[in-house]
Amino acid sequence: HPLRNIDELCASIVRSHRETSQCRVEELQALRWKLFSREEIQAYQSKTVDEMWQHCAIQLTDAVQYVVEFAKRIPGFRMLSQNDQIALLKTGSMEVVLVRMSRYFNTENNTVFFDGKFAGAEVFKSLACGDLIAAVFDFAHDMCALKLTEQQIALFTALVLINADRPCLEDRGRVQRVQRNVELGLTHILHRDNQDNLLHKLYQRMAVLRSLCRLHIEKLHWFSQRYPLTAHSLFPPLYKELFASEGELLPGTTH
Ligand SMILES: O=S(=O)(c1cccc(C(F)(F)F)c1)N1CCc2ccc(OCc3c(Cl)cncc3Cl)cc21
């Protein structure tokens with residue numbers, strides 16, 4: 001049934017966001033001062049690079065599963081071809097995870113929710129990609145500064161996903177129609193909240209997200225050259241499917 005109006009579209013995307021976000025922001029507010037002890041930080045920092053990468057890849061893959069669920073409930077997404085749905089998730093899911101992560105960021109002490117507590121950047125030292133972590137933390141900080149509501153984040157993340165400019169789309173026109181509806185939803189929400197000025201800031205943040213994800217993929221290539229066994233056999237299949245480039249990295253992934 002065609003969407004009766006933009007209000008209904010917004011309501012359905014906000015509901016999907018709420019149903020598929022791993023934990024509610026209110027729950028995390030209660031935990032915001034639960035920090036890792038010196039010993040716990042030491043334990044993370046003494047993990048080997050491949051242990052920590054594997055740990056993060058598992059957490060990331062878990063977070064991505066919820067984004068896949070969210071995408072499937074965006075009106076129009078399921079009408080796209082399977083290949084186009086996968087192409088949008090391949091390039092957009094990490095970006096949505098990073099936006100969602102910024103909701104779990106405490107700007108007072110620069111910590112982010114990780115493994116049940118709030119962690120500073122030093123916890124991720126053994127990943128050996130300090131520049132990526134710093135960029136992830138900066139992005140989270142920037143997003144917090146916008147003080148987006150959950151409804152605004154729901155529409156923003158739907159727009160991050162439904163992007164007709166993504167590479168290798170079969171039916172770009174169809175994705176454009178779904179994207180236009182979501183754009184109408186986002187502008188409707190921002191107008192209703194009297195925050196039209198946020199729209200261009202959100203488009204700027206989308207450009208930062210793209211560079212963050214390019215950096216993540218670069219690091220993944222570096223990592224899988226150095227630790228082929230971990231990347232080939234110990235990363236979750238969905239992680240390989242989404243973040244490893246076709247064939248080159250990880251032969252034998254099903255398509
Ligand atoms: O591990 S998380 O709970 C996690 C949680 C907070 C901060 C981080 C990190 F690390 F971004 F500060 C990691 N999780 C859930 C959300 C998420 C996004 C990316 C991610 O990993 C990508 C990655 C990076 Cl950014 C560097 N090297 C290897 C990998 Cl796979 C993990 C992740």
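One-based numbering, in listed order, for ligands and for the atoms of each.
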Worksheet item: How many angstroms lie between CZ in Phe137 and OG1 in Thr107, if you round to the nearest 0.5 Å?
Response: 12.5 Å
Worksheet item: What atoms of ligand 1 come within less than 4.0 Å of a heavy atom belonging to Val97?
Response: 16 (C), 17 (C), 18 (C)
Worksheet item: Among protein heavy atoms, which sits nearest to atom 14 (N) of ligand 1, and what does the distance come to when rounded to 0.1 Å?
Response: Gln59 CB, 3.7 Å
Fill in: Distance filter under 4.0 Å to Val136 heavy atoms, resulting ligand 1 atoms
11 (F)
Item to complete: Indicate, as side chain, backbone, both or neither, the part of Cys129 found under 4.0 angstrom from ligand 1 when only non-hydrogen atoms are considered.
Response: side chain
Worksheet, complete the sentence: shortest atom 6 (C) of ligand 1-to-protein heavy-atom contact is with Val112 CG1, 3.6 Å
Practice prompt. Answer with yes or no whether the side chains of Asn109 and Thr111 bring together a donor and an acceptor at under 3.5 Å.
Written response: yes
Discussion item. Within ligand 1, which atoms have a heavy atom of Phe114 less than 4.0 Å away?
Written reply: 1 (O), 2 (S), 3 (O), 4 (C), 5 (C)
Fill in: Side-chain donor-acceptor contact under 3.5 Å, Ser37 with Glu40
yes
Worksheet item: How about Phe223 and Phe235: are their ring centres within less than 6.0 Å of each other?
Response: yes
Worksheet item: Are Arg100 and Thr20 close enough that a side-chain donor and a side-chain acceptor fall under 3.5 Å?
Response: yes
Practice prompt. Go through ligand 1 atom by atom and flag the ones less than 4.0 Å from a non-hydrogen atom of Phe113.
Written response: 5 (C), 6 (C)
Item to complete: Using the rule that two of Ile, Leu, Val, Met, Phe, Trp, Tyr join whenever any of their side-chain heavy atoms come within less than 4.5 Å, decide whether Val67 and Tyr104 are in one cluster.
Response: no
Fill in: From Ile133, Thr61, Val49 - option closest to atom 12 (F) of ligand 1 by heavy atom
Ile133
Worksheet entry | Which segment of Tyr104 sits under 4.0 Å of ligand 1 when only heavy atoms are counted | neither
Worksheet entry | Protein residue, atom and distance nearest to atom 18 (C) of ligand 1, heavy-atom basis | Met101 CE, 3.5 Å
Practice prompt. Ignoring hydrogens and angles, state whether a donor on the side chain of Ser126 or Gln45 is under 3.5 Å from an acceptor on the partner side chain.
Written response: no
Worksheet item: Can the ring centres of Phe70 and Phe77 be said to be less than 6.0 Å apart?
Response: no
Practice prompt. May I ask whether Phe223 has any heavy atom positioned less than 4.0 angstrom from an atom of ligand 1?
Written response: no
Item to complete: Please examine the side chains of Leu234 and Leu229, heavy atoms only from C-beta on, and report whether any two atoms are closer than 4.5 Å.
Response: no
Practice prompt. Select the closest option to atom 21 (O) of ligand 1 among Leu220, Leu60, Asp115, judged by heavy-atom distance.
Written response: Leu60
Worksheet item: Nearest protein heavy atom to atom 25 (Cl) of ligand 1, by residue and atom, and its distance?
Response: Leu132 CD2, 3.7 Å
Worksheet item: Non-hydrogen atoms of Lys219 versus ligand 1: any pair closer than 4.0 Å?
Response: no
Without placing hydrogens or testing angles, list every side-chain donor-acceptor pair under 3.5 Å for residues 52-66, not counting sequence neighbours.
{"unit_1": "Trp53", "atom_1": "NE1", "unit_2": "Leu127", "atom_2": "O", "d": "3.0"}
{"unit_1": "His55", "atom_1": "NE2", "unit_2": "Gln59", "atom_2": "NE2", "d": "3.4"}
{"unit_1": "His55", "atom_1": "NE2", "unit_2": "Asp115", "atom_2": "OD1", "d": "3.2"}
{"unit_1": "His55", "atom_1": "NE2", "unit_2": "Asp115", "atom_2": "OD2", "d": "2.7"}
{"unit_1": "Gln59", "atom_1": "NE2", "unit_2": "Asp115", "atom_2": "OD1", "d": "3.1"}
{"unit_1": "Thr61", "atom_1": "OG1", "unit_2": "Ala57", "atom_2": "O", "d": "2.6"}
{"unit_1": "Asp62", "atom_1": "OD2", "unit_2": "Gln22", "atom_2": "NE2", "d": "3.3"}

Worksheet item: If you count the atoms of ligand 1 from 1 in the order shown, which ones are under 4.0 Å from a heavy atom of Ala57?
Response: 30 (Cl)
Worksheet entry | For ligand 1, the portion of Asp62 having any non-hydrogen atom under 4.0 Å away | neither
Worksheet, complete the sentence: Judged by heavy atoms only, the candidate from Phe243, Phe118, Phe124 nearest atom 13 (C) of ligand 1 is Phe124
Worksheet item: Looking at Phe137, which atoms of ligand 1 are within less than 4.0 Å of one of its heavy atoms?
Response: 12 (F)
Item to complete: Could you tell me whether Phe105 and Phe118 have their ring centroids closer than 6.0 angstrom?
Response: no
